[in-house]
Amino acid sequence: MSAAPCDAGPDVLTLGETMVALRGSGPLKLGGAMNVSVAGAESNVAIGLARLGHTVRWAGAVGDDEAGELVLRTLRAEGVDVTAVTRDPAAPTGLILFEPRLPEVTRVHYYRAGSAGSRLSPDAVPAAFAAPRPPRVLHLTGITPALGASARDACRRALRLAREHGSEVCLDVNFRSRLWSREEAAAELREWIPYVDVLIASDDELPLCLPENGPTDAPEKSLVDGGVREVVVKLGADGATAHTADAALHAPAREVRAVDAVGAGDAFVAGYLSALLDSTDVPTRLDRAVTTGAFAVASHGDWEGAPTRAELGLLGSGPGTVVR
């Protein structure tokens with residue numbers, strides 16, 4: 001399926017860096033073959049949403065190189081609108097290497113300093129909102145502002161435009177210690193919280209979003225009391241909990257045979273936003289999120305195992321089921 005421009009405005013707009021991804025079969029220092037794909041938290045979410053039938057625009061920057069062509073070709077093939085992407089002739093497309101080191105341990109190596117994605121310009125953001133109607137949801141992660149000053153300013157501009165256009169804002173904290181410190185992340189992200197409607201984070205990431213010197217004993221309540229409509233806490237194998245002004249609701253993880261945990265959080269976000277766009281209640285959002293997350297865990301790759309809407313029910317099938 002090829003992507004067409006979201007002429008009526010996308011359901012979701014997301015922006016960030018997508019890199020060429022190389023996956024080895026063992027220690028990198030031993031060499032060997034590597035599989036080539038693409039990876040990026042925001043584009044993983046975009047692909048997940050597109051497979052579930054939503055219109056999605058990904059705005060980012062790629063180098064004017066063959067790696068950038070691979071990124072764009074892959075996203076187009078998955079039905080993601082890339083008309084707002086910019087090409088940077090002075091910087092390369094970023095690179096990420098995945099190194100499976102133990103059955104349950106994968107090391108990730110980034111080569112994104114000075115990349116096109118890190119140089120995403122704030123001036124490129126208004127074009128991503130330019131449509132007969134604005135996006136219903138702006139989705140950001142805490143990865144993009146960690147890439148550099150220009151990318152950080154692009155996110156800030158996107159937040160302001162979302163408020164001006166009445167778009168809801170979803171933030172997945174997605175803290176990356178190799179990109180910035182917890183102190184740097186907290187200083188930036190706490191400034192974003194007044195714009196955020198849906199906050200998604202692991203329990204150890206929530207303190208990064210709290211006001212400086214604020215109470216830390218009940219971060220979910222503090223954030224909801226501060227104006228965040230939904231605080232969704234990812235708990236890995238223990239499922240997830242959504243906190244609202246009315247209640248705290250929990251959903252257990254779906255049981256699957258885990259083969260690759262990379263990309264599970266992004267798949268979770270795609271499922272939650274999909275159900276939000278469908279105007280379902282919070283329990284249904286959580287159920288779809290843990291379902292799409294389980295598909296990711298049961299598949300190799302960042303986004304390759306993301307389900308279509310028709311496939312969501314497959315996890316209820318018994319062992320050895322053959323669908324004919």
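Judged purely by distance below 3.5 Å, without hydrogens or angles, the side chains of T291 and R254 pair a donor atom with an acceptor atom. A donor and an acceptor atom, one from each side chain of T280 and D278, are nowhere located under 3.5 Å apart. Checked by atom type, the side-chain pair D225/S222 shows no donor-acceptor distance below 3.5 Å. Using modelled atom types, one finds no donor on one side chain facing an acceptor on the other under 3.5 Å when comparing R101 with T106. A donor atom on one side chain and an acceptor atom on the other are not found under 3.5 Å apart for T244 and D246. Neither side chain, E17 nor S118, offers a donor N or O lying under 3.5 Å from an acceptor on the other.
Side chain of D287 to main chain of P283: no donor-acceptor pair is present (N/O by atom type, distance under 3.5 Å, no hydrogens or angles). Side chain of R178 to main chain of V108: a donor-acceptor pair is present (N/O by atom type, distance under 3.5 Å, no hydrogens or angles). When atom types are taken as modelled, the side chain of H250 and the backbone of D238 share a donor-acceptor pair closer than 3.5 angstrom. Between the W180 side chain and the I143 main chain, no donor and acceptor come within less than 3.5 Å of each other. The backbone N or O of S202 lies less than 3.5 Å from a partner atom in the side chain of E205, making a donor-acceptor pair. Proximity of a side-chain donor or acceptor of D88 to a complementary backbone N or O of D64 within less than 3.5 Å is not detected.
Expressed to the nearest 0.5 Å, how far CD of E184 lies from CG of L179 amounts to 10.0 Å. Here the CD atom belonging to E78 is positioned 14.0 Å from the CH2 atom belonging to W58, to the nearest 0.5 angstrom. Atom CD of E230 sits about 8.5 Å away from atom CG of D197, to the nearest 0.5 Å. Within the model, atoms CG of N174 and OG1 of T141 stand 5.5 Å from one another, a figure rounded to the nearest 0.5 Å. Separating the CD atom in E304 from the CG atom in D302 is a distance of 6.5 Å, to the nearest 0.5 Å. Here the CG atom belonging to D172 is positioned 12.5 Å from the OH atom belonging to Y272, to the nearest 0.5 angstrom.
Two residues are said to be in side-chain contact when any heavy atoms from C-beta on lie closer than 4.5 Å; E168 and L138 fail this criterion. Counting heavy atoms from C-beta outward, L277 and R136 have side chains that approach closer than 4.5 Å. Residues V56 and P10 are not in side-chain contact: their nearest non-hydrogen atoms beyond the backbone lie 4.5 Å or more apart. With a 4.5 Å cut-off on side-chain heavy atoms, L75 and V71 count as touching. You'll find the side chain of M19 stays beyond 4.5 Å of the side chain of Y111, heavy atoms only. Using a 4.5 Å heavy-atom threshold, the side chains of L171 and I200 count as separate. Between C155 and L15, the closest side-chain pair of non-hydrogen atoms falls below 4.5 Å. Two residues are said to be in side-chain contact when any heavy atoms from C-beta on lie closer than 4.5 Å; L52 and T308 fail this criterion.
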>> side-chain contact (heavy atoms from CB on, under 4.5 Å), that's the test. Do T241 and L249 meet it? Break it down for me.
In response: CA-CA 5 Å; T241 302; L249 301 168; 5.9 Å; no
>> Go through it in stages, so that I can follow the logic: the residues are V256 and L315, the test is side-chain contact (heavy atoms from CB on, under 4.5 Å), and I'd like the CA-CA distance, side-chain angles, deciding distance and then a yes or no.
In response: CA-CA 8 Å; V256 293; L315 285 183; 3.6 Å; yes
>> Evaluate R309 against H54 for side chain to side chain donor-acceptor pair (under 3.5 Å), listing each step before the verdict.
In response: CA-CA 10 Å; R309 191 172 290 256; H54 303 283; 3.2 Å; yes
> Can you check side-chain contact (heavy atoms from CB on, under 4.5 Å) on R76 and V82, steps first, answer last?
Replying inline: CA-CA 7 Å; R76 287 193 196 100; V82 295; 3.7 Å; yes
>> Under the criterion side-chain contact (heavy atoms from CB on, under 4.5 Å), I'd like the reasoning laid out for D123 against R157: C-alpha separation, chi angles, the key distance, then a yes or no.
In response: CA-CA 9 Å; D123 294 336; R157 188 160 191 181; 3.3 Å; yes
>> Apply side chain to side chain donor-acceptor pair (under 3.5 Å) to residues D153 and S150 and explain how you reach the verdict.
In response: CA-CA 5 Å; D153 288 343; S150 184; over 6 Å; no
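In terms of heavy-atom proximity, F129 sits nearest to L13 at CE1-CD2, 3.5 Å. The shortest non-hydrogen separation linking A253 to A237 is CB-O, 3.5 Å. When all heavy atoms of A50 and V80 are compared, the pair lying nearest together is CB-CG2, 4.2 Å. For the pair L223 and C209, the tightest heavy-atom approach, listed with the atom from each and the gap, is CD2-O, 3.7 Å. A39 approaches I96 most closely through the heavy-atom pair CB-CG2, 4.3 Å. Contact detail for L70 and T74: the closest heavy-atom pair is O-OG1, 2.7 Å.
Cation-pi contact between R182 and F175: present, with separation from the ring centre below 6.0 Å and deviation from the ring axis of at most 45°. Annotation: cation-pi pair R163/Y195 present, NZ/CZ under 6.0 Å from the ring centroid and within 45° of its normal.
For E311 and R51, the salt-bridge test fails: no basic side-chain N is under 4.0 Å from an acidic carboxylate O. The pair D203-K234 fails the salt-bridge criterion, with no side-chain N (NZ, NE, NH1 or NH2) lying under 4.0 Å from an Asp/Glu carboxylate O. The pair R23-E99 fails the salt-bridge criterion, with no side-chain N (NZ, NE, NH1 or NH2) lying under 4.0 Å from an Asp/Glu carboxylate O. Using a 4.0 Å cut-off between a side-chain N of Lys or Arg and a carboxylate O of Asp or Glu, D11 and R57 do not qualify as a salt bridge.
Both I47 and V36 are part of a single hydrophobic cluster, where members link through side-chain heavy atoms under 4.5 Å apart.
Only one option out of T18, T14, T144 pairs with E42 in a side chain to side chain donor-acceptor pair (under 3.5 Å); it is T144.
With a 6.0 Å radius and a threshold of 12 heavy atoms from other residues, nucleotides or ligands, R229 has its CZ atom above the threshold.
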